[in-house]
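Throughout, residue positions are numbered sequentially from 1 according to the sequence presented. Counting starts at 1 for both ligands and their atoms, in listed order.
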Amino acid sequence: MENRSLVTIAEHSKEKILYLLEMAKQFEKNPNRKILDGKVVATLFFEPSTRTRLSFETAVNRLGGRIIGFSDAATTSSSKGESLKDTIMMVSNYADLIVMRHYLEGAARYASEVAPVPIINAGDGANQHPSQTMLDLYTIYQTQGTLENLNIFLVGDLKYGRTVHSLLMAMRHFNPTFHFIAPEELKMPEEYKIYCRQHGIKYIEHTDFTEETIGDADILYMTRVQRERFTDLMEYERVKDVYILRNKMLEHTRPNLRILHPLPRVNEIAYDVDSNEKAYYFQQARNGLFARQAIICDVLGITLDEIKE
Ligand code: CP
């Protein structure tokens with residue numbers, strides 16, 4: 001049987017990405033459709049989440065399906081030593097689809113290989129976050145009117161931030177110019193820079209984060225320094241507030257600039273930015289509902305034709 005899991009966005013063609021964005025657009029028009037009647041979706045979150053879990057669960061609820069799952073693995077038998085494989089096999093007995101966040105890189109791939117039902121990767125360690133990327137692409141398209149030829153600035157923790165890793169892979173289809181702004185300790189890992197070179201993706205690296213550096217940005221994608229990935233908390237303390245976006249830095253930026261952030265934010269966007277019309281991170285999070293409705297339908301084999309009204 002075809003494995004319809006979503007493990008990494010790198011497996012999606014340009015056509016597939018555009019198809020899912022069209023599906024998300026249909027769901028934005030009307031997110032309440034009873035097309036998952038009789039379906040059970042499991043959300044297994046081995047790491048904390050607000051947006052991803054709740055938007056997946058809202059997506060299922062609005063489509064008429066049912067939800068089972070957990071948001072704290074300490075309450076499950078994995079705390080008694082049950083393996084990930086056994087957990088996945090058990091939950092596959094109960095659910096038609098599993099949405100899983102796990103702290104180990106590669107956990108989603110492994111789950112997709114052992115599970116008889118599709119897996120959606122809701123974040124695996126510092127590796128990938130493909131459903132976030134679909135909502136990011138939807139938001140970029142919504143704000144810029146295109147995905148092509150954009151200047152995209154990724155700022156902050158580019159080492160551990162899984163959202164930026166997925167986003168750059170997806171953007172390979174759309175001729176972007178990336179600017180990677182990170183301190184030495186949190187630079188974009190070599191493997192992703194190799195990926196850029198292999199796929200003809202242009203990138204420029206910076207350590208300065210100033211008004212001048214961001215002057216020609218179309219998208220400014222801020223990220224949180226991922227405290228939970230550091231083995232040395234002293235190092236986290238050294239870099240945690242390295243870049244803070246303040247409203248006054250936006251005065252001379254492009255009119256079409258939009259500021260995105262996968263959230264949660266800690267300190268990297270000052271609150272005075274929130275009222276700037278270029279701030280778009282809360283609308284971006286809202287788009288998570290529509291993008292995830294599209295992903296759920298796709299992995300369950302429900303087509304765009306079936307959802308068009
Ligand atoms: N963007 C994101 O993954 O947020 P959560 O950790 O709250 O799910």
Please check if any side-chain donor atom of S55 sits under 3.5 Å from a side-chain acceptor atom of T58, or the reverse.
no
Q142 and N287 side chains, donor-acceptor separation under 3.5 Å:
yes
Mark yes or no: R292 above the aromatic ring of F56, with NZ or CZ under 6.0 Å from the six-membered ring centre and no more than 45 degrees from the axis.
yes
I'd like to check which ligand 1 atoms, numbered from 1 as shown, lie under 4.0 Å from a non-hydrogen atom of L263.
1 (N), 2 (C), 4 (O)
Which atoms from ligand 1 have a heavy atom of T50 less than 4.0 Å away?
5 (P), 7 (O), 8 (O)
Report the nearest protein non-hydrogen atom to atom 1 (N) of ligand 1: residue, atom name, distance rounded to 0.1 Å.
P262 O, 2.8 Å
Look at atom 6 (O) of ligand 1 and say which protein heavy atom is nearest, naming residue and atom and giving the distance to 0.1 Å.
R101 NH1, 2.9 Å
Just to be sure I read this right, does ligand 1 sit under 4.0 Å from the backbone of T163, its side chain, both, or neither, counting only heavy atoms?
neither
Does this structure show an ion pair linking D218 with R254, if we count only N-O contacts that are shorter than 4.0 Å?
yes
Qualifying salt bridge (charged side-chain N to carboxylate O under 4.0 Å, His left out) pairs with a residue from residues 179-188, counting only residues at least two apart or across chains:
E184-K187
Looking only at distances, please establish whether an N/O atom of ligand 1 is found under 3.5 Å from an N/O atom of R53.
no
Closest by any non-hydrogen atom to atom 3 (O) of ligand 1: pick that one out of Q132, H129, R162.
H129
In short, ring-ring contact (aromatic ring centres under 6.0 Å, His included) pairs touching residues 207-264 with sequence neighbours left out are Y160-F230, F209-Y243, F230-Y236
